[in-house]
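Below is one structure, written out as structure tokens; the observations come after it.
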Protein chains: 2
Amino acid sequence: MVVDCKTCPLRKAEIFDEMTEEEIQFMGTFKVGETKLDKGAQILMEGARSPQLFTVLRGMGLRYKVLPNGRRHVVNFILPGDFLGLQSGVMGEMKHSAEATTTMTLCVFNRSDLWTMYRQQPQRAYDLTWLASVEEHFLGEALASVGQMDAIQRICWGLVRFFDRCDGLGLVSDEACAFPYRQQDLADAVGLSLVHTNKTLQKLRDRQVLSWQDGTLRFLEMDVARQLAMMEEDSAETRPLI
Amino acid sequence: MVVDCKTCPLRKAEIFDEMTEEEIQFMGTFKVGETKLDKGAQILMEGARSPQLFTVLRGMGLRYKVLPNGRRHVVNFILPGDFLGLQSGVMGEMKHSAEATTTMTLCVFNRSDLWTMYRQQPQRAYDLTWLASVEEHFLGEALASVGQMDAIQRICWGLVRFFDRCDGLGLVSDEACAFPYRQQDLADAVGLSLVHTNKTLQKLRDRQVLSWQDGTLRFLEMDVARQLAMMEEDSAETRPLI
DNA sequence: CGACGCGTTGAAACTCGTCAATTGGTGTGG
DNA sequence: CCACACCAATTGACGAGTTTCAACGCGTCG
């Protein structure tokens with residue numbers, strides 16, 4: 001039942017870089033197993049020193065931080081191909097938590113092998129830095145979005161961003177993609193209250209910009225949504241897959 | 001006039017990891033020169049493909065993004081020891097701009113030597129990933145702060161964070177540190193309007209939590225400020241210096 | 001001297017958060 | 001099979017927090 005890296009279905013997605021035979025070979029030895037998680041399960045906990053790193057093979061989840069006052073901020077949505085635990089890998093402990101929103105399957109790697117990778121596979125090491133940089137870039141955009149936009153713009157931004165990521169992974173069919181989260185999750189991601197998020201979604205539905213029901217997200221007027229979100233057309237740059 | 005890596009004054013700061021002789025040696029060959037910038041000068045421009053990377057030797061600045069609607073978000077304040085241009089180094093182009101707030105001196109590296117570093121100095125490569133991870137961590141905190149806190153909390157968060165960074169660099173003396181920015185910069189960093197930032201600062205002054213005048217920041221009640229910012233005591237973890 | 005940048009202040013308008021109550025769907029136990 | 005609890009989505013009302021507009025003071029610079 002375990003997926004062999006050689007035939008990993010994720011690599012087919014257009015968003016990922018090509019990999020050499022040698023790299024695939026190496027990833028095969030790096031991977032030590034798979035984990036299957038039920039929906040709602042915790043993947044990582046803030047402050048934990050997990051000895052393991054993961055790549056999401058199937059399913060969706062979310063990363064979040066909980067503030068001392070009890071409020072939660074959703075840092076990002078987790079999609080297939082995402083690499084989890086890099087912070088604990090290099091910094092010693094996780095700086096945020098992660099949980100499964102749907103059932104998920106994760107490829108498991110040993111943190112202790114990370115250093116081997118840096119010595120023996122400089123290209124893969126470079127890719128890891130790349131990933132961290134991409135994440136930094138994303139968080140920078142999220143920060144600008146939450147800091148400078150109003151409710152409608154932020155909601156559009158969050159949903160368009162999610163849609164584009166799904167698109168790159170080939171998860172969009174018929175102009176629609178799965179969005180298995182609750183309104184509360186979206187609210188915590190863009191820094192709005194649940195009630196206001198709900199009312200803003202209502203406006204976007206009324207204006208025929210998008211629809212979201214039964215866990216399915218669909219943009220009826222993508223160009224309007226992009227304009228509201230102040231995002232360019234998805235650039236379709238490729239990125240590494242670990 | 002050019003500082004030799006062997007005698008780099010920055011390395012003395014307690015916040016930075018110890019470096020081996022070999023690493024210092026390598027950095028000496030990696031460094032190709034220095035640049036001095038006047039206040040207000042652009043360091044990096046969003047979208048640019050700079051062939052150079054920098055480490056801040058002296059001075060302060062800020063990183064920011066400009067949104068299509070003209071609004072600006074200050075992503076972070078730039079302090080000595082910060083490494084600039086990693087995104088353009090690994091991803092091809094900068095995802096934000098940076099400018100000097102005071103006069104600055106930068107160590108200059110060639111982007112083309114980065115790959116050599118990955119092949120020959122895995123420890124330094126690892127450090128680069130660490131840096132990107134730290135930055136990601138910081139942005140995650142900023143995101144949670146801007147997304148979930150009110151004005152007083154956000155302002156405290158931004159200023160305490162800055163103060164702690166200065167502290168780690170040995171830039172705090174007499175309980176005070178330099179803060180050479182405008183209120184507008186702080187406002188753009190925490191996602192508030194200039195006017196409201198001003199009034200919130202007034203409250204913090206009235207409550208005797210902090211003072212900020214003539215470019216000098218001082219906390220009169222640091223524990224109150226930390227509580228408002230919902231931050232723990234500064235953990236004094238060390239980090240690599242590139 | 002006048003222009004300009006930055007900090008400051010007051011008032012009005014508005015966005016957004018909180019409180020409260022309702023609906024519909026789902027699962028569980030009697 | 002129904003009663004009940006529970007969760008997510010929804011809606012209305014109200015008030016707090018923030019933004020925007022406008023004006024003024026102060027210092028610097030040409």
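Throughout, a chain's letter reflects where its sequence line sits, starting with A, and its residues are numbered from 1. Below, each value reflects all heavy atoms present in this structure, side chains not excepted, and no hydrogens, waters or symmetry copies. This one's a predicted model, so the numbers in the text were calculated from it and none came from an experiment.
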Going by the angle between their ring planes, with limits at 30° and 60°, are F179(A) and F162(A) parallel, tilted or perpendicular? perpendicular
Students should find this one: the first and last nucleotides of DNA chain C, 5' to 3', lying under 4.0 Å from a heavy atom of chain B. What are they? dC6(C) to dA11(C)
Heavy-atom closest pair (P180(B) atom, M60(B) atom, distance to 0.1 Å) is CD-SD, 3.4 Å
Any idea which heavy atoms bring R111(A) and S50(A) closest together, and the distance?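 In terms of heavy atoms, the two residues are closest at CD-O, 3.7 Å.
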Using atom [atom1] of [X] as one end and atom [atom2] of [N] as the other, report the distance to the nearest whole Å.
X	N	atom1	atom2	value
R154(B)	dT18(D)	CZ	P	6 Å
R205(A)	dT11(D)	CZ	C1'	13 Å
W212(A)	dT10(D)	CH2	C1'	13 Å
L192(B)	dA16(D)	CG	C1'	15 Å
L186(A)	dT10(D)	CG	C1'	15 Å
D188(A)	dA8(D)	CG	P	12 Å
D185(A)	dA8(D)	CG	C1'	11 Å

Counting just side-chain N and O atoms, does N198(A) come under 4.0 Å of either OP1 or OP2 of dT10(D)? yes
Between N69(B) and Q148(A), is any side-chain donor less than 3.5 angstrom from a side-chain acceptor?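 Short answer, no.
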Quiz question: by atom type and distance under 3.5 Å, do the side chains of E46(A) and H96(A) form a donor-acceptor pair?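 Looking only at side-chain atoms, H96(A) and E46(A) do not form any donor-acceptor pair under 3.5 Å.
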I need the single residue from F163(A), F138(A), Y181(A) that forms a ring pair (Phe, Tyr, Trp, His ring centres under 6.0 Å) with F77(A). Which is it?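 Answer after filtering F163(A), F138(A), Y181(A): Y181(A).
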Can you work out whether Q202(B) or R182(B) has the more 5'-proximal nearest nucleotide on DNA chain C?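 It is R182(B), whose closest nucleotide lies nearer the 5' terminus.
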Measure all distances between protein nitrogen or oxygen atoms and nitrogen or oxygen atoms of nucleotides 28-30 of chain D, and list the pairs falling under 3.5 Å.
none

Are the charged groups of R161(A) and D164(A) less than 4.0 angstrom apart, N to O? no
Does the distance from a Lys or Arg side-chain N to an Asp or Glu carboxylate O, for E135(B) and K95(B), drop under 4.0 Å?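 Salt bridge: no.
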Could you check D188(A), N198(A), T197(A) and say which one makes a side chain to side chain donor-acceptor pair (under 3.5 Å) with Q183(A)?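 The passing option is N198(A).
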How does protein contact run along nucleotides 20-25 of chain D, one letter per nucleotide 5' to 3', with B for base contact, S for sugar-phosphate only, - for none, heavy atoms under 4.0 Å? BB----
Report which part of the nucleic acid G191(A) touches: base, sugar-phosphate, or nothing (heavy-atom distance under 4.0 Å, all strands).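 If one applies the 4.0 Å heavy-atom cut-off, G191(A) turns out to touch the sugar-phosphate alone, with no base involved.
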Does atom CG of D38(A) have more than 12 heavy-atom neighbours from other groups under 6.0 Å away?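 Atom CG in D38(A) is not packed in, count stays at 12 or less.
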Does a sphere of radius 6.0 Å around CE in M222(B) hold more than 12 heavy atoms from other residues, nucleotides or ligands, not counting ones at 6.0 Å or beyond? yes
